[in-house]
**Q** 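Before anything else, here's the structure in question.
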Amino acid sequence: LALEEGTNNPRVLRNCHQFTHAAGKAAYEKYEDFPKTVLECTSVCSHGCYHAVAEAYFTEKYKNSDGAKKLLKDQSPEADIIKACSFPVSDVKNNFCTGDLFHGVGHAFMVLTKNNLNESLKLCNASIPQRSLLDPKACYFGAFMINSEVNRSTHPLSPCDTVDEK
């Protein structure tokens with residue numbers, strides 16, 4: 001609520017998305033329940049809460065595996081995302097919730113790969129089951145967002161000079 005009221009304040013607006021990321025992460029740590037925490041999020045500040053909740057949940061879910069790739073073969077994030085968004089599968093492409101949560105999966109992959117963009121993009125591709133309704137671009141954008149934050153000052157050309165061609 002404070003963020004919604006503060007969106008007219010230039011200082012709040014400058015950092016609004018980061019604030020909602022922090023709020024989403026704190027909410028997930030409080031509830032430790034992915035669908036319940038998603039219901040607490042709003043779209044204020046470019047949906048940062050959704051991104052952070054998904055990042056926290058999927059980082060936790062995949063961190064203890066022998067590798068995210070191995071786990072993804074058996075457990076795509078799709079089922080968790082659809083359950084958390086609470087709508088019929090046929091509506092997935094038309095619902096911002098799935099894109100925002102899959103964007104957060106891209107953030108999680110960057111955490112899990114220690115900010116390796118190429119590996120994260122490969123995980124985005126591997127995480128989508130055949131005939132999925134998820135759009136891989138949402139996951140890519142999440143990985144690219146973290147990459148730009150991590151490399152902004154030390155490697156301003158990244159990822160243009162480091163990402164694999166597709």
Side-chain angles (χ1 to χ4, degrees), residues 1-7 12-65 68-113 115 117 120-150:
L1 181 61
L3 282 173
E4 289 174 354
E5 291 174 4
T7 54
V12 172
L13 282 174
R14 244 188 325 275
N15 297 302
C16 191
H17 191 74
Q18 289 82 358
F19 290 154
T20 55
H21 263 261
K25 183 178 180 192
Y28 180 74
E29 289 170 358
K30 176 183 177 183
Y31 294 118
E32 295 181 345
D33 181 312
F34 183 52
K36 180 177 182 170
T37 311
V38 167
L39 289 174
E40 296 295 319
C41 288
T42 70
S43 61
V44 70
C45 300
S46 301
H47 308 206
C49 180
Y50 292 101
H51 302 166
V53 171
E55 176 182 345
Y57 172 73
F58 287 105
T59 297
E60 181 181 299
K61 180 174 181 169
Y62 295 141
K63 75 178 177 185
N64 293 324
S65 69
K69 274 189 184 176
K70 180 180 179 226
L71 183 58
L72 287 172
K73 288 180 181 174
D74 302 323
Q75 245 177 336
S76 163
E78 183 176 53
D80 289 327
I81 288 172
I82 290 170
K83 180 179 177 187
C85 290
S86 304
F87 51 82
V89 174
S90 61
D91 293 342
V92 172
K93 283 197 172 182
N94 299 321
N95 191 303
F96 73 87
C97 182
T98 56
D100 284 331
L101 295 180
F102 204 38
H103 176 99
V105 172
H107 289 344
F109 290 157
M110 287 294 283
V111 171
L112 293 165
T113 64
N115 298 317
L117 181 61
S120 295
L121 296 175
K122 288 175 187 172
L123 288 171
C124 286
N125 286 330
S127 70
I128 300 175
Q130 198 170 9
R131 290 187 233 132
S132 172
L133 297 174
L134 294 177
D135 183 352
K137 290 188 292 276
C139 187
Y140 302 157
F141 294 155
F144 277 109
M145 181 179 171
I146 297 300
N147 180 75
S148 68
E149 291 171 2
V150 169

**Q** How many angstroms lie between OG1 in Thr113 and CG in Asn115, if you round to the nearest 0.5 Å?
**A**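 Answer for the OG1-CG pair, Thr113 versus Asn115, is 6.5 Å.
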**Q** Rounded to the nearest 0.5 Å, what separates atom OH in Tyr57 from atom OH in Tyr62?
**A**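 If I round to the nearest 0.5 Å, the distance is 7.5 Å.
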**Q** What residues, two or more places apart in sequence or in another chain, satisfy side-chain contact (heavy atoms from CB on, under 4.5 Å) together with Ala143?
**A**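 For Ala143 the side-chain contact (heavy atoms from CB on, under 4.5 Å) partners, ignoring immediate neighbours, are Met110, Leu117, Ser120, Leu121.
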**Q** Say you draw a straight line from CG of Asp135 to OG1 of Thr98; how long is it, rounded to the nearest 0.5 Å?
**A**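 So the CG of Asp135 and the OG1 of Thr98 are separated by 8.5 Å.
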**Q** Of the options Glu60, Lys25, His21, which is the one that meets Glu55 in a side chain to side chain contact (heavy atoms under 4.5 Å, CB included)?
**A**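 That would be His21; it is the only one of Glu60, Lys25, His21 passing the side chain to side chain contact (heavy atoms under 4.5 Å, CB included) with Glu55.
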**Q** If you look at every heavy atom in Val38 and Ala84, which pair is closest and at what distance?
**A**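 Scanning both residues completely, I find the closest heavy atoms to be CG1-O, 3.7 Å.
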**Q** I need the minimum non-hydrogen distance between Gly99 and Ala138, along with the two atoms involved.
**A**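 What the structure gives for the nearest pair is O-CB, 3.5 Å.
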**Q** How long is the gap from CG on Asn147 to OH on Tyr140, to the nearest 0.5 Å?
**A**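 Going from the CG atom of Asn147 to the OH atom of Tyr140 covers 15.0 Å.
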**Q** Which heavy atom in Tyr50 sits nearest to a heavy atom in Thr42, and how many Å separate them?
**A**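 Smallest heavy-atom distance, with atoms named: CE1-O, 3.3 Å.
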**Q** Working to the nearest 0.5 angstrom, can you tell me the gap between Phe102 CZ and Ser127 OG?
**A**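 Rounded to the nearest 0.5 Å, the CZ-OG separation comes to 3.5 Å.
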**Q** Could you tell me whether His103 and His47 have their ring centroids closer than 6.0 angstrom?
**A**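 They do not qualify: ring centres at least 6.0 Å apart.
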**Q** Aromatic contact between Phe109 and Phe58, with the criterion being ring centroids under 6.0 Å apart: yes or no?
**A**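 No: the rings miss the under 6.0 Å criterion.
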**Q** I need the minimum non-hydrogen distance between Val53 and Cys41, along with the two atoms involved.
**A**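 Closest pair (atom of Val53, atom of Cys41, distance): CG2-SG, 3.7 Å.
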**Q** Identify the two heavy atoms, one from Gly24 and one from Thr37, that lie closest to each other, and give their separation to 0.1 Å.
**A**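 Result for this residue pair: O-CG2, 4.3 Å.
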**Q** Please assess Glu149 against Ile146 for the test side-chain contact (heavy atoms from CB on, under 4.5 Å), listing each intermediate value before the final yes or no.
**A** CA-CA 5 Å; Glu149 291 171 2; Ile146 297 300; 3.8 Å; yes
**Q** Closest heavy-atom contact between Ala54 and Gly104?
**A**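 Distance-wise, the nearest heavy atoms are CB-CA, 3.8 Å.
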**Q** My understanding is that only residues two or more places apart in sequence, or in another chain, count here; which of them pass side-chain contact (heavy atoms from CB on, under 4.5 Å) with Lys30?
**A**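 Applying side-chain contact (heavy atoms from CB on, under 4.5 Å) to Lys30 gives none.
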**Q** Return yes if a side-chain donor-acceptor contact under 3.5 Å exists between Tyr28 and Asp33, otherwise no.
**A**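 No.
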**Q** For Ala56, is there any backbone N or O sitting under 3.5 Å from a side-chain donor or acceptor partner on Thr59?
**A**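 Side chain of Thr59 to backbone of Ala56: no pair is present.
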**Q** If you measure from NE2 on His51 to SG on Cys45, what distance do you get to the nearest 0.5 Å?
**A**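 His51 NE2 to Cys45 SG: 11.5 Å, rounded to 0.5 Å.
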